[in-house]
Amino acid sequence: MKIKIAAKILDANEKIAAENRQIFDNNKIFTINLMSSPGAGKTSLLEKTIKYLREKEKVGVIVGDIAGTDDALRINSLGVPVVQINTGGACHLDANMINNALEDIPINDINLLFIENVGNLVCPAEFNLGENIKVMILSLTEGHDKPLKYPLMFQKSSVLILNKIDLKPFLDVSIEKIKVDVTSLNPSIKIFEVSCKTNEGIENWTKWLQTLIS
Amino acid sequence: MHEFSIAESVISTAVEQCKKNGFSRVEKVRISLGSASGVMSEALLFAFDALKKETIAEEAILFIEANPLSGVCMNCLCNFTIYEPYILSCPYCQSNSFKINSGMEMNIIEIEVI
Ligand SMILES: Nc1nc2c(ncn2[C@@H]2O[C@H](COP(=O)(O)OP(=O)(O)OP(=O)(O)O)[C@@H](O)[C@H]2O)c(=O)[nH]1
Ligand SMILES: [Mg+2]
Ligand SMILES: [Zn+2]
């Protein structure tokens with residue numbers, strides 16, 4: 001016999017994401033889901049952003065990696081609360097992992113939560129975590145063909161951080177092409193060019209971020 | 001790789017619905033995937049067959065319907081449907097202003113149980 005279901009496949013994830021969002025809203029926490037391929041600079045951007053904002057905002061961080069605690073240790077040394085999630089193989093975070101991690105985050109004491117997703121340019125885009133915005137990083141060394149090869153994350157993000165612009169002189173990469181393609185995929189996306197090495201553009205990004213929180 | 005998580009969700013929904021309705025085996029599962037959903041059918045079929053073992057869906061066959069990306073152009077007002085993972089400009093007039101109506105979805109349509 002046939003049973004009609006007509007439901008979203010990721011309905012279970014969506015429901016937990018909505019629960020997480022309720023927790024964030026109730027505690028007045030602005031949450032950012034930070035995504036990129038491995039090594040694009042997620043932890044580096046967090047380090048820089050936290051240095052700029054830690055006097056002004058109360059920041060917390062959840063870091064997802066397949067294994068290891070290196071990233072959490074880097075964040076921990078900045079003196080902000082951090083929880084490491086090891087996905088044990090999964091290539092992305094899901095809402096349930098965040099729900100569990102929230103038990104270890106002092107949610108009454110923070111107003112800005114960064115979630116560093118697992119390094120992967122495809123899978124994390126499918127799973128809502130309950131965040132306010134999705135921010136993705138593309139580093140210049142990855143090449144200007146990436147937006148059209150991996151369109152989904154560019155379509156689902158509200159912000160694109162173009163990182164490692166200090167390396168531009170050494171690369172045959174067209175920032176113009178990246179911007180044209182990304183804007184065609186997602187006309188409302190906001191783009192920042194930054195370097196976590198020279199600090200160029202970091203203040204621009206953090207100032208804009210602050211306008212969202214207050 | 002995320003096809004594994006998606007397959008897991010499909011199987012748990014199918015198993016849950018089967019039991020809830022008082023049946024004991026899932027025989028077929030029918031789903032639809034938008035062409036811009038970012039999911040690879042082959043990878044999903046592989047994951048489904050790997051994960052169904054030792055559940056009441058272990059004999060189940062997964063049927064995947066491919067849904068096109070569809071939308072409407074704000075410039076020439078045409079309706080378009082394409083089987084591509086993304087769209088950059090209207091297929092008829094090349095305008096960049098269009099609205100996507102469907103193509104990103106992943107839905108379970110129905111299951112067959114005994
Ligand atoms: N030249 C240059 N190097 C950078 C920049 N940002 C990050 N890096 C380097 O890129 C490498 C990876 O940076 P991470 O911040 O660890 O990248 P990630 O995205 O957190 O990596 P995973 O968590 O492993 O996915 C490190 O060696 C950084 O020093 C930049 O703006 N310029
Ligand atoms: Mg990292
Ligand atoms: Zn048109």
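Quick note on labels: first sequence line is chain A, next is B, and so on, each numbered from 1.
Only the backbone of B/Ser37 comes within contact range of chain A, with at least one heavy atom under 4.5 Å from a heavy atom of that chain. With a threshold of 4.5 angstrom between heavy atoms, B/Ile109 approaches chain A through N, CA, C or O but not through any side-chain atom.
Listed in order of number, the residues of residues 177-190 of chain A that approach chain B to under 4.5 Å between heavy atoms are A/Asp181, A/Ser184, A/Leu185. Residues of residues 132-151 of chain A placed with any heavy atom under 4.5 Å of a heavy atom in chain B are listed by number as A/Leu148, A/Pro151. Within residues 1-21 of chain A, the residues having any heavy atom closer than 4.5 Å to a heavy atom of chain B are A/Met1, A/Lys2, A/Ile3, A/Lys4, A/Ile5, A/Ala6, A/Ala7, A/Lys8, A/Ile9, A/Leu10, listed by residue number.
Note on residues 68-78 of chain A: pairs passing salt bridge (charged side-chain N to carboxylate O under 4.0 Å, His left out), not counting sequence neighbours, are A/Glu47-A/Arg74, A/Asp71-A/Arg74.
A 6.0 Å sphere centred on CD of B/Gln94 holds more than 12 heavy atoms belonging to other residues, nucleotides or ligands. Within 6.0 Å of the CZ atom in B/Phe46, the count of heavy atoms belonging to other residues, nucleotides or ligands does not exceed 12. Annotation for A/Asn26: atom CG counts as buried by contact number, over 12 foreign heavy atoms lying within 6.0 Å. Shown here is B/Glu54, whose CD atom has no more than 12 heavy atoms of other residues, nucleotides or ligands within 6.0 Å.
Between B/Pro85 and A/Gln155, the closest heavy-atom pair is O-OE1, 4.4 Å.
Atom-to-atom distance recorded for A/Leu152:CG and B/His2:NE2 is 7.5 Å, nearest 0.5 angstrom.
Per-residue heavy-atom pair counts under 4.5 Å with chain A were compared for B/Lys28, B/Met104, B/Glu105, and the maximum is reached by B/Met104.
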